[in-house]
Amino acid sequence: MVLSPPTRTLAGVTVPDTPLITAALEFAKKYEPDVLYNHSVRTWLLGCIIQPQVPAFASVDREVHAISTLFHDIGLSDSEDIISLDKRFEVDGANAARDFIKREGKASEWDVHCLQLVWDSIALHSTVSIALHKEIELQVAVAGIFTDITGPVGDFGKMVSQAQWNGVVKEFPRLDMKTAAAEILCNVCRKKPETTYDNFLRDYGEKHVEGYSVVGKRIIDALENAAD
């Protein structure tokens, strides 16, 4: 992490500006399709808009937040450099981010705790009911992610003005994210379904993927067949 990092303006939003964040943007651009890259950057920008408005978020590590959001969907890449055959996409993304920081970051600026914050932010970003009770870096990440999904509404989204929203979306268009995201998530259900049975990807598999079934693979199945 970098205490009090320099800043710049991106899509009308003041953001931290460090060599590691620049490298993270380049990494995400290389490995993510445009629709995911734009979503990841919008997520970061929206979090940067929300964070100063929440007193509890005042001490958030802005570099941790940046890396976490820029990498939160990198596990949906189709690159064999990142994707495993047996892990949830969130875990693949968390591992990729940790490896990236160890490779590109300065060891003196990234202790075990900060690395774990990034890992947890990515691994838990789709498990909101847990993430919102974790450290503030996770909470800010979730606030940005779900504001980008829902728009400038709700507890966090209402902190983003329509003009701010329009500026972010103009710079990083949504590119029919709803349709594109569904296809990307369905591909995970097809390629490694065993990583989807206990999370939200299951909903996409059951609704859109022919032959997909969770019967016999759910926690309820294990419990109902547990030893007496």
Side-chain angles (χ1 to χ4, degrees), residues 31-32 36 39-40 43 56 64-65 67-102 111-150 154-156 177-228:
Y31 285 104
E32 288 186 329
L36 286 183
H39 164 60
S40 297
T43 289
V64 165
H65 168 242
I67 304 302
S68 299
T69 49
L70 293 172
F71 273 76
H72 82 275
D73 275 345
I74 203 79
L76 293 171
S77 164
D78 59 4
S79 171
E80 294 182 359
D81 294 338
I82 296 172
I83 304 307
S84 70
L85 297 176
D86 61 347
K87 297 179 184 66
R88 286 175 56 153
F89 84 89
E90 301 98 328
V91 174
D92 282 340
N95 289 342
R98 182 171 56 194
D99 292 345
F100 168 82
I101 294 168
K102 288 182 176 181
D111 59 20
V112 172
H113 176 64
C114 288
L115 282 171
Q116 193 64 50
L117 282 177
V118 170
W119 198 94
D120 287 355
S121 294
I122 297 169
L124 293 173
H125 81 264
S126 64
T127 312
V128 182
S129 57
I130 294 176
L132 287 177
H133 297 280
K134 291 278 289 177
E135 293 87 349
I136 57 175
E137 286 75 13
L138 280 75
Q139 296 177 45
V140 176
V142 166
I145 291 166
F146 283 88
T147 295
D148 189 54
I149 292 172
T150 63
D155 291 342
F156 291 119
M177 186 177 78
K178 187 186 302 185
T179 301
E183 182 55 31
I184 290 168
L185 297 172
C186 286
N187 275 337
V188 178
C189 294
R190 296 183 189 104
K191 291 180 178 179
K192 47 180 188 178
E194 68 282 353
T195 70
T196 69
Y197 298 141
D198 66 346
N199 56 78
F200 81 98
L201 271 70
R202 176 180 63 192
D203 300 331
Y204 281 90
E206 290 185 312
K207 185 172 183 179
H208 299 297
V209 178
E210 184 176 357
Y212 180 96
S213 174
V214 299
V215 176
K217 308 172 183 81
R218 301 164 296 184
I219 293 175
I220 189 174
D221 298 315
L223 290 172
E224 289 186 345
N225 289 290
D228 295 330

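Nothing here was measured: the structure is a model prediction, and the numbers come from that model. Numbers here simply count residues along the sequence, with the first being 1.
Interatomic distance, Arg98 CZ to Asp120 CG, rounded to the nearest 0.5 Å: 9.5 Å. The line from CG of Leu185 to CG of Leu76 is 6.0 Å long, rounded to the nearest 0.5 Å. Distance check, rounded to the nearest 0.5 Å: CD1 of Ile74 to OG of Ser40 gives 7.0 Å. Atom CD of Glu80 and atom CG of Leu85 lie 8.0 Å apart (nearest 0.5 Å). For the atom pair Thr196 OG1 and Asp203 CG, the distance stands at 9.5 Å (nearest 0.5 Å). Going from atom CD1 of Ile145 over to atom CG of Leu138 covers 9.0 Å, rounded to the nearest 0.5 Å.
At least one donor-acceptor pair under 3.5 Å links the side chain of Asp92 to the backbone N or O of Ser84. No donor-acceptor pair closer than 3.5 Å links the side chain of Lys217 to the backbone N or O of Glu194. Of the possible polar contacts, none joining the Lys134 side chain to the Ile130 backbone as a donor-acceptor pair under 3.5 Å is found.
Residues Met177 and Asp148 have side chains in contact (heavy-atom distance under 4.5 Å, counting atoms from C-beta outward). Counting heavy atoms from C-beta on, the side chains of Glu183 and Asn187 come closer than 4.5 Å. For the pair Thr127/Glu90, no side-chain contact is recorded, criterion being any heavy-atom separation below 4.5 Å from C-beta on. Using a 4.5 Å cut-off on side-chain heavy atoms (C-beta onward), Lys207 and Tyr212 make no contact.
Of the candidates Tyr31, Trp119, Phe100, Phe100 is the only one forming a ring pair (Phe, Tyr, Trp, His ring centres under 6.0 Å) with Phe71.
Contact detail for Ala131 and Gln139: the closest heavy-atom pair is O-CG, 3.9 Å. Of all heavy-atom pairs between Asp73 and Glu32, the closest is C-OE2, 3.3 Å. Contact record, Leu132 with Val142: CD2-CG1, 4.0 Å, taken as the closest heavy-atom pair. Considering every non-hydrogen atom in both Thr195 and Arg88, the closest pair reads O-CG, 3.2 Å. Smallest separation of non-hydrogen atoms from Ser68 and Val118: OG-CA, 3.5 Å. Here the closest heavy-atom approach between residue Ile122 and residue Gly93 is recorded as CG2-C, 3.7 Å.
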Practice item. Go through Ile83 and Lys192 one step at a time and tell me if the side-chain contact (heavy atoms from CB on, under 4.5 Å) criterion holds. Key: CA-CA 11 Å; Ile83 304 307; Lys192 47 180 188 178; 3.7 Å; yes
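Applying the salt bridge (charged side-chain N to carboxylate O under 4.0 Å, His left out) test to Asp221 and every residue at least two apart in sequence or in another chain returns Arg218. By the ring-ring contact (aromatic ring centres under 6.0 Å, His included) test, Tyr204 is found to be paired with no residue, residues two or more places apart in sequence or in another chain being considered.
Using cut-offs of 30° and 60° for the angle between ring planes, the His39 and His72 rings count as perpendicular. Aromatic ring pairs are classed by plane angle as parallel below 30°, tilted from 30° to 60° and perpendicular above 60°; the pair His125 and Phe89 is perpendicular.
For CD1 of Ile219, the number of neighbouring non-hydrogen atoms (other residues, nucleotides, ligands) closer than 6.0 Å is 12 at most. Around CG of Asp155, the count of heavy atoms belonging to other residues, nucleotides or ligands within 6.0 Å does not exceed 12.
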